[in-house]
Amino acid sequence: MTVAHDLAFGPTGPTRATELPTGVSAGRVGRAVQGVLWAVVLAFCLVPLILVVVISFGHKVEGAGWEWALTLENYQRFIVGANWPAESTSLYLGQLYWSMRYAVVASLLAVVTALPFTYLMTRQSRRAQAVWLVFLLATLSLSEVFIVMGWDIILSNNSGLPMLFAASGLTDWLKETGWFDVLRDWGLANPRNVKFKPSEVATVLTLSYLVWPYAVILLYPALSRLDPSLAEAARTMGARPWTVARTVILPSVRLPLIGTTLLLFVFLLGAYVAITVFADPSQHTTAVSVYEHVRGSTLNAPFGAAQSVILLITATAFLVIGQRLTRKSPGAQ
Amino acid sequence: MMLRVLGTIFMSLAAVVVALPIVIVCSAALNGGRTMFFPPQDSTLARFGEFFISEPVWTRALTNSVIVALGAATLSVLLAWPIAYRLWKTGSRASALLATFGSIPFAVPPIVFGVGLGFFWSFLGGLGTIPAGIISHAVLFLALPLVTISIGLQAIDRAHLDAAATMGATEAVTFRTIVLPQTLPYTISGFFFALVLSFNEFIVMFFVSASAFATVTLQIFNSLRNGYTPTMAVAAVAFITVSIVVFSAIARWGDLPRLMGADQSRT
């Protein structure tokens, strides 16, 4: 996910190559090259994904890996559990629910905070923009493991914020004013002090942090193309800043806004490290389960594959719904 | 006026929050002991020596990371060039489809593609080998050079092409004298995007490596269970430095705002 989606591949670009003279032999070579390219792309880009789909219908052999099959047992297990109809469990559906919940909340949080930031950034000089972009790209490319490490140090109970809360007397103040009990209700405190790990808040914040630079970079093209004279005109006619934002800026970036949220959502569906570190095991996601079934303690590749397919279907479903939303509404660009 | 102040405050706040975890990890690299403290205790640079020189676990992982990233970035640029070029040249439906297929690995959740590559390589017998890791990353990040090179090709001045065609230049000559030089910054940008992201990638490499080799990010993930050590923070310092240097270089010699899709009419 990133710029790739934002740029229309194909013959819509601003400049097109003029047809240059091509010899007969060059045409033949071109066709050969084209054939090789197709073979390579199909083999390496599509075959792995097709394998996932095919293996998701496979059958696990006790103690001996798995075999090819055409069974729906892995999908059935996902929906009602392995021992259905004797007993049913919604464990895996619950994990999918948490996947979606984290992804929706974190992507919305990222987009809502990134929008004003990106808008302000595009009003700066080209040079300043380049500096910001370098900074954002550097944090964006920084591996998930480092970012989780950083937040872990900040949020863990023996160092970072909880210690700061206790040392500064903020914990005592919270206890006096009664907010401490509220925090305990939210799962953000143990009897002695505040705690942020494990908690949904910490998980969502870290996930949101992970995709925030992506949000800025995806919103950047649309906002930088926004004609500043529109907002100025509205201001001149006496519109208040909030009205300008609501009636001029927001409508013109509505599509990229929805698109960005969807892309962040898809990306977050597969988040793994942050969830294992910050989320309570009862609130783990499908991605964690995939990992455990394919490589972890409970080796069951077909079931892991089936869960991957369900992640893919979820992602696709959200993308399709998003596209419907943007297409139906009037006034779309 | 009031609004401008609020805007500045908001921007600074955002910068602080974005920088905070990174600054904390980096400063933890200075710790003298084996545990992560913030602020660091008895500051030393000894951990840097461990990471880069003396600790074989980390030096091996670093070598693997560098090999994979360089190999994958080179390979993905080599693969992206003909695809992007044919798309720009012919604009045909087939070449657009090819470019779309090439971008698919980047668009699906990485864990799904990682699982798929794990199956793929176990069938081909390459699971756990470095070449498999290189090819996997090259495919995963193919979309990046594909996009930057496409942007570069579209930026070529049409008049130059027309002039070349009028003067009877063959496709090869035009390619060598106009297309290649004018798109070089974009090619290099694509190379570095792929390089940096490959360097930092973790989940796909986890499935492809099958624990037979470790890159730095894998090594860190494997060590997470035993708690953090300042040596891991050194890795973070090294990685963020590489990213900043690379992206600054792209900003300096390439057109970063344009690559990111900024409007060209305003400067």
Side-chain angles (χ1 to χ4, degrees), chain A residues 1 3-4 6-7 9-11 13-18 20 22 33 37-38 41 44-49 51-52 55 117 120 126 129-130 133-134 137-139 141-147 149-151 153-154 159 217 220-221 224-225 241 266 269-270 272 287 290 294 304 308 311-312 315, chain B residues 3 7 11 14 18 21-22 24-25 36 38 82-83 88-89 91 96 98-107 109-112 115-117 119-120 139 143 147 154 158 161-162 165 171 174 196-197 200 202-203 217 220-221 228 236 239-240 243-244 247-248 251 256-257 260-263 267:
Chain A
M1 57 153 290
V3 275
D6 211 50
L7 290 150
F9 283 118
T15 63
R16 291 285 328 287
T18 40
L20 298 169
T22 357
V33 170
L37 285 178
W38 270 98
V41 167
F44 290 99
C45 297
L46 289 190
V47 169
L49 292 173
L51 272 178
V52 174
I55 291 173
F117 176 86
L120 293 170
R126 191 101 167 159
Q129 289 183 35
L133 286 174
V134 168
L137 283 169
T139 59
S141 61
L142 195 62
S143 184
E144 198 183 348
V145 289
F146 295 121
I147 286 162
M149 205 199 288
W151 282 108
I153 298 172
I154 296 174
S159 63
I217 278 165
Y220 178 72
S224 80
R225 282 177 187 151
V266 170
L269 274 184
Y272 173 74
V290 167
V294 177
S308 306
L311 272 185
L312 265 187
Chain B
L3 214 59
M11 296 284 277
V18 171
I22 297 167
I24 287 191
V25 167
M36 295 274 240
F38 184 80
I83 297 178
W88 171 75
K89 189 88 199 319
L98 188 63
T100 310
F101 281 162
S103 312
I104 280 183
F106 199 61
I111 194 163
V112 176
V115 169
L117 279 173
F119 293 143
F120 183 75
V139 173
V147 166
Q154 283 171 6
R158 204 197 162 96
L161 297 173
D162 288 342
E171 186 180 353
T174 317
V196 166
L197 285 186
N200 284 282
F202 150 76
I203 200 98
T217 46
I220 285 174
F221 179 74
Y228 305 118
F239 275 51
I240 192 91
S243 298
I244 290 178
F247 289 123
S248 305
L256 196 54
M260 294 290 119
D263 182 13
T267 45

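So you know, we letter chains A, B, ... as the sequences are listed, proteins then strands, and number each from 1. What you are looking at is a predicted structure, and each value in this text was computed from that prediction instead of being measured. We use all heavy atoms of the structure for the numbers below, so side chains are in, but hydrogens, waters and symmetry mates are not.
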Max heavy-atom pair count under 4.5 Å with chain B, selected residue of [options]:
options: Ala287(A), Ala138(A), Ala315(A), Ala130(A); answer: Ala138(A)
options: Leu51(A), Val33(A), Leu137(A), Val41(A); answer: Leu137(A)
options: Val145(A), Val290(A), Leu269(A), Val47(A); answer: Val145(A)
options: Val294(A), Val52(A), Leu37(A); answer: Leu37(A)

With only heavy atoms counted, which part of [X] is less than 4.5 Å from chain B, the side chain, the backbone, both or neither?
X: Leu120(A); result: both
X: Leu311(A); result: side chain
X: Leu46(A); result: side chain

Original post:
Between Leu117(B) and Pro105(B), is any pair of side-chain heavy atoms under 4.5 Å apart?
Top reply: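 Of all side-chain heavy-atom pairs linking Pro105(B) with Leu117(B), none is under 4.5 Å.
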What is the distance from atom [atom1] of [X] to atom [atom2] of [Y], rounded to the nearest 0.5 Å?
X: Leu49(A); Y: Phe120(B); atom1: CG; atom2: CZ; answer: 11.0 Å
X: Leu133(A); Y: Tyr220(A); atom1: CG; atom2: OH; answer: 5.0 Å
X: Glu144(A); Y: Thr217(B); atom1: CD; atom2: OG1; answer: 10.5 Å
X: Ile22(B); Y: Phe146(A); atom1: CD1; atom2: CZ; answer: 11.0 Å

**OP:** Tell me, for Ile203(B) versus chain A, whether the close heavy atoms (under 4.5 Å) come from the side chain, the backbone, both or neither.
**Re:**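 The side chain, not the backbone.
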**OP:** Name the region of Pro82(B), side chain, backbone, both or neither, that has any atom closer than 4.5 Å to a heavy atom of chain A.
**Re:**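 It is both, since atoms from each part get that close.
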Original post:
ring pair (Phe, Tyr, Trp, His ring centres under 6.0 Å) with Phe221(B): which residues, sequence neighbours excluded?
Top reply: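 Phe221(B): ring pair (Phe, Tyr, Trp, His ring centres under 6.0 Å) contacts with Tyr272(A), Phe202(B).
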**OP:** Among Val18(B), Ile244(B), Ile220(B), single out the residue with the greatest number of heavy-atom pairs under 4.5 Å to chain A.
**Re:**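 The residue among Val18(B), Ile244(B), Ile220(B) with the greatest pair count is Val18(B).
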Original post:
Most heavy-atom pairs under 4.5 angstrom with chain A, which of Ile104(B), Leu98(B), Val115(B), Ile83(B)?
Top reply: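 Ranked by heavy-atom pairs under 4.5 Å with chain A, first place is Leu98(B).
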Subject >> Closest contact, heavy atoms only, Cys45(A) versus Val139(B) >> reply: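 Closest approach of Cys45(A) to Val139(B): SG-CG1, 3.5 Å.
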**OP:** For Ser143(A), check side-chain hydrogen bond (donor to acceptor under 3.5 Å, both in side chains) against everything at least two apart and list the hits.
**Re:**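 None.
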